[in-house]
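To start, the structure under review is shown below, and the notes come after it.
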Amino acid sequence: MKSEFENIALINTGKRFEIEFNGHSAFIDYREMGSQIALNHTEADLLISGTGAAEAVVEKTLQYIEDHHKKALPFCPYVAAFIKKNPEWKRIVDERFHGYDQL
């Protein structure tokens, strides 16, 4: 994650994980189901597109999931691509997730 995002807090709204950057947000819509958190959609405001904000919210979210002893279900293609590019995060993906072997 880029250094400018390291000290930005992750906000958990109960339906979204989000960060604020330069007055704009990047977020992941999610659904918690017991010990699993389904990551459904990642988005960043157009004005911060390309800054690394979406990547930062993904990494902060994955850290949150690990810290809370949950397992990720990366339904969002952006999150799945992030995990594929950073395979150390596969450790928190539920092994029963369809597509686990492709990460």
Side-chain angles (χ1 to χ4, degrees):
M1 152 180 0
K2 293 182 177 179
S3 60
E4 58 262 42
F5 297 102
E6 288 177 3
N7 294 319
I8 295 176
L10 181 69
I11 301 162
N12 182 352
T13 70
K15 294 182 180 182
R16 264 186 188 169
F17 292 109
E18 57 186 61
I19 61 170
E20 295 289 326
F21 181 67
N22 291 338
H24 301 282
S25 66
F27 64 85
I28 298 177
D29 287 330
Y30 78 92
R31 182 169 167 222
E32 190 165 351
M33 303 167 298
S35 64
Q36 300 172 318
I37 296 181
L39 304 171
N40 299 314
H41 175 73
T42 305
E43 191 173 320
D45 288 347
L46 284 176
L47 293 173
I48 58 170
S49 179
T51 64
E55 184 175 298
V57 77
V58 169
E59 191 166 352
K60 287 176 179 286
T61 296
L62 295 176
Q63 188 62 57
Y64 173 95
I65 291 169
E66 184 172 54
D67 291 347
H68 288 81
H69 310 288
K70 304 283 186 178
K71 289 292 186 178
L73 301 173
F75 292 110
C76 171
Y78 186 87
V79 174
F82 178 89
I83 294 169
K84 194 170 191 173
K85 193 163 63 169
N86 300 278
E88 66 274 14
W89 284 111
K90 190 173 178 181
R91 69 184 180 265
I92 66 163
V93 176
D94 192 312
E95 294 177 6
R96 297 169 291 177
F97 176 70
H98 180 73
Y100 179 84
D101 294 335
Q102 283 77 45
L103 295 174

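Since we're looking at a predicted model, the values are computed, not measured.
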Item to check | Heavy-atom check, side chain of Lys15 versus side chain of Arg31, under 4.5 Å | outcome: no
Checklist entry - Would you say Leu39 and Phe75 make side-chain contact, with heavy atoms under 4.5 Å? => result no
Next on the checklist: I'd like to know if the side chain of Asn12 pairs up with that of Tyr64 as donor and acceptor (distance under 3.5 Å, no hydrogens or angles considered).
Outcome noted: yes
Item to check | Donor-acceptor under 3.5 Å (Lys2 side chain, Thr51 main chain) | outcome: yes
Item to check | Leu103 side, atom CG; Lys90 side, atom NZ - distance, nearest 0.5 Å | outcome: 5.5 Å
Next on the checklist: Working to the nearest 0.5 angstrom, can you tell me the gap between Ile19 CD1 and Ile8 CD1?
Outcome noted: 5.0 Å
Item to check | Ring centers of Phe17, Phe27 separated by less than 6.0 Å | outcome: no
Item to check | Over 12 foreign heavy atoms within 6.0 Å of CZ, Arg91 | outcome: yes
Next on the checklist: Measuring from atom CG of Asn86 to atom CD of Glu59, what distance do you get when rounded to the nearest 0.5 angstrom?
Outcome noted: 7.0 Å
Next on the checklist: Under a 3.5 Å distance rule, please check whether Lys71 uses its side chain to pair with a backbone N or O of Glu95 as donor and acceptor.
Outcome noted: no
Checklist outcome for this item: Rounded to the nearest 0.5 angstrom, the SG-CD1 distance for Cys76 and Ile83 is 9.5 Å
Checklist entry - What distance do Gln102 atom CD and Lys84 atom NZ have between them, rounded to the nearest 0.5 Å? => result 7.5 Å
Checklist entry - Among side-chain atoms of Glu43 and His41, is any donor-acceptor pair under 3.5 angstrom? => result yes
Item to check | Tyr30 reachable from Met33 in the ILVMFWY side-chain graph, under 4.5 Å edges | outcome: yes
Item to check | Exercise: identify the closest heavy-atom pair between Phe5 and Ala53 | outcome: CZ-N, 3.5 Å
Next on the checklist: Quick check: do Leu10 and Val57 have side-chain heavy atoms less than 4.5 Å from each other?
Outcome noted: yes
Next on the checklist: Keeping Lys70 on the side-chain end and Gly34 on the backbone end, is there a donor-acceptor pair under 3.5 Å?
Outcome noted: yes
Checklist entry - Between Glu55 and Tyr78, which heavy-atom pair has the shortest distance, and what is it? => result N-OH, 3.3 Å
Item to check | Any donor-acceptor pair under 3.5 Å from Asp45 side chain to Ser25 backbone | outcome: yes
Item to check | Spatial distance of atom CD1 (Ile92) from atom CG (Leu62) [nearest 0.5 Å] | outcome: 4.5 Å
Checklist entry - Out of curiosity, does Phe82 fall in the hydrophobic cluster containing Tyr100 (side-chain heavy atoms, cut-off under 4.5 Å, transitive links)? => result yes
Checklist entry - Less than 4.5 Å apart, any side-chain heavy atom of Glu18 and any of Glu20? => result yes
Checklist entry - Would Gln36 and Phe97 count as a side chain to side chain contact (heavy atoms under 4.5 Å, CB included) if you check the C-alpha gap in whole Å, the side-chain angles of each, and the deciding distance to 0.1 Å? => result CA-CA 10 Å; Gln36 300 172 318; Phe97 176 70; over 6 Å; no
Checklist entry - Checking side chain to side chain contact (heavy atoms under 4.5 Å, CB included) for the pair Ile28/Val79: CA distance, chi angles, key distance, verdict? => result CA-CA 9 Å; Ile28 298 177; Val79 174; 4.2 Å; yes
